[in-house]
Amino acid sequence: MKTTDRRRFLQASLTGIAGLASVPLLGELEGCAPLPSRPAAAVPAAALTSEKLTDRIAVIGGAPGNVVALSSSDGVLLVDSGSAALARSVQASLAGARVRTLINTHYHADQTGGNELFGAKGATIHSQEITREWVATAYYVPADDRWVKALPKVAWPTVTFREKAEMQAGAERIECGYLLEAHTRGDCYVFFRDSNVLAVGCVSSPLRDPALDWYAGGWIGGRADALADLVKLANDDTKIVPAYGPVLTRAELAAERDMMAYLYTRTTELTDHGRSAKDMLNAGVMNEVSEKFHRTFKDPYRFLYDVSKGLWAHYTNFGGNIV
Ligand SMILES: [Zn+2]
């Protein structure tokens with residue numbers, strides 16, 4: 001591609017990404033873990049939102065979550081592909097620019113639903129290696145008592161990593177890193193080093209109740225550690241993009257880290273004394289969270305149930321002292 005062509009292409013891509021209508025986010029009630037229990041209705045591209053974070057990075061919202069789009073001389077790179085029902089809308093929002101690279105932050109259908117479309121058009125899909133296993137295998141969803149089929153092969157990540165991956169897209173250096181058992185067992189962050197933009201998937205949840213997909217290995221200890229790692233990775237100028245909700249500052253992420261560390265300590269203490277999720281609720285754990293962190297959960301029992309399930313899967317952390 002000649003320099004002038006590339007410049008024109010870049011301008012077209014950015015105009016497309018940044019030129020979307022600004023309307024409220026869709027799917028605010030769709031859950032992230034483990035899958036939306038009902039398929040999202042198809043909506044036109046105009047229903048998506050766009051927020052330009054830098055001259056080359058935009059956040060496409062309402063797909064139903066956030067999709068991060070980087071425009072570079074190597075084409076478009078996406079972090080997550082939205083739901084299957086909204087994949088064409090995401091594609092339309094790119095104004096014809098080709099998606100060369102797609103990185104999945106984890107396996108959930110609202111992050112991997114567009115993989116088939118973009119994979120079929122030639123995008124190379126990257127993920128942490130366990131996420132690849134989940135999209136390539138049928139799995140059970142205990143909360144809904146149902147099975148989900150594996151995605152077709154064209155939708156599978158073909159480039160995987162265990163701990164870290166580095167890549168370059170145009171002038172942008174990109175780092176992907178594993179977040180151990182933070183939401184599922186295969187989460188990663190995507191850090192755009194030169195633009196100082198950090199995509200964290202469902203590991204941060206500023207508006208919705210934090211989701212712990214315990215059946216897929218997510219648990220509160222993993223989430224507390226992952227939030228602490230992400231805060232260390234960021235600085236005061238970092239723009240942090242969660243899967244759902246607004247772009248965050250490091251201070252806002254640190255507040256979520258503190259809340260999760262508190263919840264980890266309290267729920268571990270109670271589980272150590274043989275308390276169930278219901279007992280934790282009755283002990284007022286979530287009221288303490290509202291008071292200390294000014295955060296009210298929509299379904300506190302559901303959250304504590306998932307916390308409890310995950311803690312019992314890690315009972316060896318209690319030191320064998322359960323009474
Ligand atoms: Zn998720």
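Note that the numbering runs from 1 along the sequence shown for the chain.
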A.B. asks: Enumerate the residue pairs fulfilling side-chain hydrogen bond (donor to acceptor under 3.5 Å, both in side chains) with a member in residues 158-168, sequence neighbours excluded, ordered by first and then second residue.
C.D. replies: E129-R162

A.B. asks: Are V159 and V154 linked, directly or through intermediate hydrophobic residues, by side-chain heavy-atom contacts shorter than 4.5 Å (ILVMFWY only)?
C.D. replies: no

A.B. asks: Among residues at least two apart in sequence or on other chains, which ones pass side-chain contact (heavy atoms from CB on, under 4.5 Å) with N235?
C.D. replies: N196, D237, T238

A.B. asks: Which residue pairs pass the salt bridge (charged side-chain N to carboxylate O under 4.0 Å, His left out) test when at least one of the two sits in residues 174-191, sequence neighbours left out?
C.D. replies: E175-R193, E181-R185

A.B. asks: Using modelled atom types and a 3.5 Å cut-off, is there a donor and acceptor pairing between side-chain atoms of T131 and backbone atoms of G186?
C.D. replies: yes

A.B. asks: Between the main-chain N or O of L304 and the side-chain N or O of S308, is there a donor-acceptor pair closer than 3.5 Å?
C.D. replies: no

A.B. asks: Check step by step if side-chain contact (heavy atoms from CB on, under 4.5 Å) holds for Y140 and V148.
C.D. replies: CA-CA 6 Å; Y140 181 64; V148 175; over 6 Å; no

A.B. asks: Does either side chain, that of D110 or that of Y244, offer a donor lying less than 3.5 Å from an acceptor on the other one?
C.D. replies: yes

A.B. asks: Before giving the answer on side-chain contact (heavy atoms from CB on, under 4.5 Å), spell out for Y305 and K309 the whole-Å C-alpha distance, their side-chain angles and the decisive distance to 0.1 Å.
C.D. replies: CA-CA 6 Å; Y305 179 85; K309 282 284 190 187; 3.1 Å; yes

A.B. asks: In sequence, state the C-alpha distance, the side-chain angles, and the governing distance for V200 and L248, and then conclude on side-chain contact (heavy atoms from CB on, under 4.5 Å).
C.D. replies: CA-CA 11 Å; V200 300; L248 306 172; 6.0 Å; no

A.B. asks: Quick check for you: to the nearest 0.5 Å, what is the distance between Q128 atom CD and W134 atom CH2?
C.D. replies: 13.0 Å

A.B. asks: For residues Y189 and V203, determine if any side-chain heavy atom of one lies less than 4.5 Å from a side-chain heavy atom of the other.
C.D. replies: no

A.B. asks: Quick one: does D55's side chain get under 4.5 Å of S195's, heavy atoms only?
C.D. replies: no

A.B. asks: Can you find a heavy atom in the side chain of P157 that is under 4.5 Å from one in the side chain of V135?
C.D. replies: yes

A.B. asks: Among V79, T105, L78, which one satisfies side-chain contact (heavy atoms from CB on, under 4.5 Å) with V68?
C.D. replies: V79

A.B. asks: Which heavy-atom pair separates L48 from G62 by the least distance, and what is that distance?
C.D. replies: CD2-O, 3.2 Å

A.B. asks: Do L263 and R223 have side chains that get closer than 4.5 Å, going by heavy atoms?
C.D. replies: no

A.B. asks: To the nearest 0.5 Å, how far apart are CZ in F303 and OG1 in T267?
C.D. replies: 7.5 Å

A.B. asks: Which atoms form the tightest heavy-atom contact between A182 and A226, and what is the distance?
C.D. replies: CB-CB, 3.5 Å

A.B. asks: Of all heavy-atom pairs between F297 and P210, which one has the smallest distance, and what is that distance?
C.D. replies: CE2-CD, 3.2 Å

A.B. asks: Search all heavy atoms of C188 against all heavy atoms of L179 and return the closest pair with its distance.
C.D. replies: C-CD1, 3.9 Å

A.B. asks: Using the side-chain hydrogen bond (donor to acceptor under 3.5 Å, both in side chains) criterion, which residues pair with D194? Sequence neighbours excluded.
C.D. replies: R173

A.B. asks: If the condition is side-chain hydrogen bond (donor to acceptor under 3.5 Å, both in side chains), which residues does Y262 pass it with, not counting sequence neighbours?
C.D. replies: E288

A.B. asks: Does the side chain of W312 reach to within under 4.5 Å of the side chain of T271, using non-hydrogen atoms?
C.D. replies: yes

A.B. asks: So which heavy atom on K298 is nearest to which on D209, and how close?
C.D. replies: N-OD1, 2.8 Å

A.B. asks: Heavy-atom distance under 4.5 Å between the side chains of L198 and L233, does that happen here?
C.D. replies: yes

A.B. asks: Show me the pairs that pass side-chain hydrogen bond (donor to acceptor under 3.5 Å, both in side chains) and involve residues 278-287, at least two apart or across chains.
C.D. replies: S276-D279

A.B. asks: So D80 and N66, side-chain contact (heavy atoms from CB on, under 4.5 Å) or not? Walk me through it.
C.D. replies: CA-CA 8 Å; D80 290 327; N66 292 324; over 6 Å; no

A.B. asks: side-chain contact (heavy atoms from CB on, under 4.5 Å) with N115: which residues, sequence neighbours excluded?
C.D. replies: S81, L102, N104, T112, I125, A155

A.B. asks: List the atom pairs, donor and acceptor, that lie under 3.5 Å between side-chain atoms in residues 250-259 and the rest of the protein, sequence neighbours left out.
C.D. replies:
{"unit_1": "R250", "atom_1": "NE", "unit_2": "V231", "atom_2": "O", "d": "2.9"}
{"unit_1": "R250", "atom_1": "NE", "unit_2": "A234", "atom_2": "O", "d": "3.0"}
{"unit_1": "R250", "atom_1": "NH2", "unit_2": "V231", "atom_2": "O", "d": "3.2"}
{"unit_1": "E252", "atom_1": "OE1", "unit_2": "T249", "atom_2": "N", "d": "2.8"}
{"unit_1": "E252", "atom_1": "OE1", "unit_2": "T249", "atom_2": "OG1", "d": "3.4"}
{"unit_1": "E256", "atom_1": "OE1", "unit_2": "S204", "atom_2": "OG", "d": "2.8"}
{"unit_1": "E256", "atom_1": "OE1", "unit_2": "S205", "atom_2": "N", "d": "3.3"}
{"unit_1": "E256", "atom_1": "OE2", "unit_2": "S205", "atom_2": "N", "d": "2.8"}

A.B. asks: Please check if the side chain of D213 supplies one atom and the backbone of T184 the other of a donor-acceptor pair under 3.5 Å.
C.D. replies: no

A.B. asks: Report the residues that fulfil side-chain hydrogen bond (donor to acceptor under 3.5 Å, both in side chains) with E116, sequence neighbours left out, ordered by chain and then residue number.
C.D. replies: none

A.B. asks: Do you know the tightest heavy-atom contact between G245 and P206?
C.D. replies: CA-CG, 4.5 Å

A.B. asks: Taking C-beta and beyond as the side chain, do V99 and K121 meet within less than 4.5 Å on heavy atoms?
C.D. replies: no

A.B. asks: To the closest 0.5 Å, what do you measure between OH (Y264) and CH2 (W219)?
C.D. replies: 4.5 Å

A.B. asks: How long is the straight-line distance from CG of L311 back to CD1 of I220, given to the nearest 0.5 Å?
C.D. replies: 6.5 Å

A.B. asks: Salt bridge (charged side-chain N to carboxylate O under 4.0 Å, His left out) with E172: which residues, sequence neighbours excluded?
C.D. replies: R56

A.B. asks: Which ring pair (Phe, Tyr, Trp, His ring centres under 6.0 Å) pairs, counting each pair once, include a residue from residues 151-180, with sequence neighbours left out?
C.D. replies: none

A.B. asks: Return the orientation label for the H108 and H106 ring planes: parallel under 30°, perpendicular over 60°, tilted otherwise.
C.D. replies: perpendicular

A.B. asks: Roughly how far apart are Q111 CD and H183 NE2, rounded to 0.5 Å?
C.D. replies: 6.5 Å

A.B. asks: Side-chain contact test, heavy atoms from C-beta onward, threshold under 4.5 Å: evaluate it for R100 versus S72 and give yes or no.
C.D. replies: no

A.B. asks: Can you list everything that forms a side-chain hydrogen bond (donor to acceptor under 3.5 Å, both in side chains) with W214? Sequence neighbours excluded, please.
C.D. replies: D306

A.B. asks: Once rounded to the nearest 0.5 Å, what's the spacing between atom OG of S93 and atom CD1 of I60?
C.D. replies: 3.5 Å

